[in-house]
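Order of the sequence lines sets the chain letters (A, B, ...), proteins ahead of strands, with each chain counted from 1. Everything quoted here is computed from the prediction, not taken from an experiment.
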There are 2 protein chains.
Amino acid sequence: MNTDKKLQIKLVIFTVIRGKLKIFLPEKVLPSTAIVKEKPLDKIARSLFEATVCIPFKDYYFEQLYTFSQHKEVAIVYYLLLPHYLIPQKSIKAWYDGQKLSKTLTDFSTIKYAIQRLQWKIEYTNIVYSFLPKTFVFSQLQTVYEAILGKGLDKRNFRKKMLSLNILKPTGRMKRLGPSRPAEMFSFKMRRLTYVEIL
Amino acid sequence: MNTDKKLQIKLVIFTVIRGKLKIFLPEKVLPSTAIVKEKPLDKIARSLFEATVCIPFKDYYFEQLYTFSQHKEVAIVYYLLLPHYLIPQKSIKAWYDGQKLSKTLTDFSTIKYAIQRLQWKIEYTNIVYSFLPKTFVFSQLQTVYEAILGKGLDKRNFRKKMLSLNILKPTGRMKRLGPSRPAEMFSFKMRRLTYVEIL
DNA sequence: GCAAAAGTGTTAATTCTACACCCATGG
DNA sequence: CCATGGGTGTAGAATTAACACTTTTGC
């Protein structure tokens, strides 16, 4: 007889759309799948991502959140960051506002914890690269931070802080978003997890 | 046929003995046990603690570290903090210096990560209460911090910082450790996880 | 010339760091 | 009176927070 618990993988998938942090909840629950022997957990998580979001996995940031155990089940939860422009239009209704989640959702506390971890992590790493295209302007970057933190930030202090972290590089190219002055485009020096340097 | 992976719990048990951070490695590996259905993971972890350290579990700080997966196994690792004065004398040889671990240990990288998590956590919580008796003097508290961080701290700055965090309360009682001036005894306001207040 | 977003500097408050001497006690 | 660890303050540096106006562009 099998004395093991039922093992599953769940995913909290984040994106930022029009200044709002969004979470992927098809059928109002986090995507999940059973764990199969012989396959590494992160491979299973990637397959689950591709199967539910319907796009190939690339270099989005991706890490284990926590392992929850209830009754006879164990759920190993990962969270993943996705840039909004890759989301298939037909799934757009499955993305829920992270700041307005109903407390009655099955995965409410898991999602809340994932948001908190994300809020911590953007303070001392470059992971927001996963929400942004290769090049972007400061207002786009700031919008991502504000969406995740759920509050507005001072434009001047934000720019100074970001530049001092030494994780961005200017591209020299300019971009216009609206009917206004063009903005300088930046990119991340690294598009993989980098911890902010402490002097 | 069973398609699940083999599930186990592991424990990284910390203590501080004579100014050194120590890890419990009987047989040079982390204590571990198979997971049994119907029992919550934290209960299993407590039983494993009691069975290997041979003392009852109390209010020591205890949290999940990470879930590692290799081959056909999944190990859910917890870490736990224990005050040195509860350690049975006969197990004393099983406690290894955290700053001098052999890189060839089976669980080396797991332990390294646990130390890092512990180092982070003492900066913004009161968890070191788990290493200390109910009342203690400042030099004891500082010794614990220094052991965990692996470096010396300035006595004056340390005291100022700790008092400003508002997690300690003076007891009014004094204590002598050596042939010197008595020291004031303090205790933690809370002996459970408390996050440091941000103003 | 107007609307819209980009870009920029200073000041005050706070926090952090480095650092050295006197105090209370027991023997 | 000596050895031992307890206890204390200050000044400079660095970091953070608050705050408003000018620039560039398209229309």
Side-chain angles (χ1 to χ4, degrees), chain A residues 16 18-20 119-120 122-125 132-133 135-187 195-199, chain B residues 16 18-20 119-120 122-125 132-133 135-187 195-199:
Chain A
V16 175
R18 290 167 51 83
K20 300 287 185 192
Q119 288 173 339
W120 285 333
I122 62 170
E123 299 287 355
Y124 61 91
T125 71
L132 289 162
T135 63
F136 49 85
V137 299
F138 249 94
S139 60
Q140 291 175 293
L141 181 60
Q142 183 168 346
T143 297
V144 169
Y145 269 84
E146 290 176 339
I148 295 168
L149 297 175
K151 66 176 184 188
L153 299 172
D154 181 89
K155 191 169 43 155
R156 285 164 292 190
N157 293 339
F158 179 76
R159 174 182 280 253
K160 267 179 292 187
K161 183 67 180 300
M162 281 296 134
L163 292 175
S164 76
L165 298 181
N166 208 24
I167 56 177
L168 298 178
K169 61 166 187 263
T171 65
R173 300 180 60 89
M174 305 295 270
K175 180 180 186 178
R176 294 194 59 248
L177 283 169
S180 69
R181 175 173 173 178
E184 184 173 11
M185 299 194 74
F186 288 82
S187 60
Y195 290 84
V196 154
E197 47 189 59
I198 334 144
L199 308 187
Chain B
V16 175
R18 292 167 48 82
K20 301 287 185 192
Q119 288 173 340
W120 285 333
I122 62 171
E123 298 286 357
Y124 61 90
T125 71
L132 289 162
T135 63
F136 49 86
V137 300
F138 248 93
S139 60
Q140 292 175 291
L141 181 61
Q142 184 168 345
T143 297
V144 169
Y145 269 84
E146 290 175 338
I148 294 168
L149 297 174
K151 66 177 185 188
L153 299 172
D154 181 89
K155 191 168 42 156
R156 283 165 292 190
N157 293 338
F158 179 77
R159 174 181 280 253
K160 267 179 293 186
K161 183 68 180 299
M162 281 296 134
L163 292 176
S164 76
L165 298 181
N166 208 25
I167 56 178
L168 298 178
K169 61 166 187 260
T171 64
R173 300 179 61 88
M174 305 295 270
K175 181 181 186 178
R176 293 195 59 247
L177 283 169
S180 70
R181 175 172 172 178
E184 184 173 10
M185 299 193 74
F186 288 82
S187 59
Y195 291 83
V196 154
E197 48 189 59
I198 333 144
L199 308 187

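Following rounding to the nearest Å, L163(B) (CG) and dG7(D) (C1') show an atom-to-atom distance of 12 Å. Atom CD in E197(B) sits about 16 Å away from atom C1' in dT14(C), given to the nearest Å. Protein atom CE of M185(A) is 16 Å distant from nucleotide atom C1' of dG7(C), rounded to whole Å. For M162(A) and dG7(C), the CE to C1' distance is 17 Å, given to the nearest whole Å.
Judged by closest nucleotide on DNA chain C, E184(A) is the one of K160(B) and E184(A) placed further toward the 5' end.
The stretch residues 138-158 of chain A touches DNA chain D through D154(A), R156(A), N157(A), each having a heavy atom within less than 4.0 Å of the strand. Contacts of residues 164-182 of chain A with DNA chain C (heavy atom under 4.0 Å): P179(A), S180(A), R181(A), P182(A).
Residues passing the side-chain hydrogen bond (donor to acceptor under 3.5 Å, both in side chains) test with K160(A), sequence neighbours excluded: N157(A). Every residue meeting the side-chain contact (heavy atoms from CB on, under 4.5 Å) condition with T135(A), not counting sequence neighbours, appears here in chain and number order: T171(A), M185(A), S187(A). The side-chain contact (heavy atoms from CB on, under 4.5 Å) test applied to P179(B) returns R176(B), not counting sequence neighbours. Listed by chain and number, the residues in a side-chain contact (heavy atoms from CB on, under 4.5 Å) with P170(A) are E184(A), F186(A) (sequence neighbours excluded). For T125(A), the side-chain contact (heavy atoms from CB on, under 4.5 Å) test picks out K121(A), I127(A), L193(A), Y195(A), with sequence neighbours left out.
Judged by atom type and distance alone, K161(B) does not reach the base of dT14(C) through any side-chain donor-acceptor pair under 3.5 Å.
A side-chain hydrogen bond (donor to acceptor under 3.5 Å, both in side chains) check over residues 143-156 of chain A, counting only residues at least two apart or in different chains, returns the pairs Q142(A)-E146(A).
To the nearest 0.5 angstrom, L163(A) atom CG is 9.5 Å from N166(A) atom CG. To the nearest 0.5 Å, atom CD1 of residue I122(B) and atom CG of residue L149(B) are 4.0 Å apart.
Residues R159(A) and F138(A) approach most closely at CA-CE2, 3.5 Å, considering heavy atoms. When every heavy atom of I148(B) is checked against every heavy atom of Q119(B), the shortest pair comes out as O-NE2, 3.0 Å.
In this structure, Q140(B) contributes its side chain and V137(B) its backbone to a donor-acceptor pair below 3.5 Å.
Using five terminal pairs a side, the axes of the helix from dG1(C)-dC27(D) to dG27(C)-dC1(D) at its two ends make an angle of 10°, given in steps of 10 degrees.
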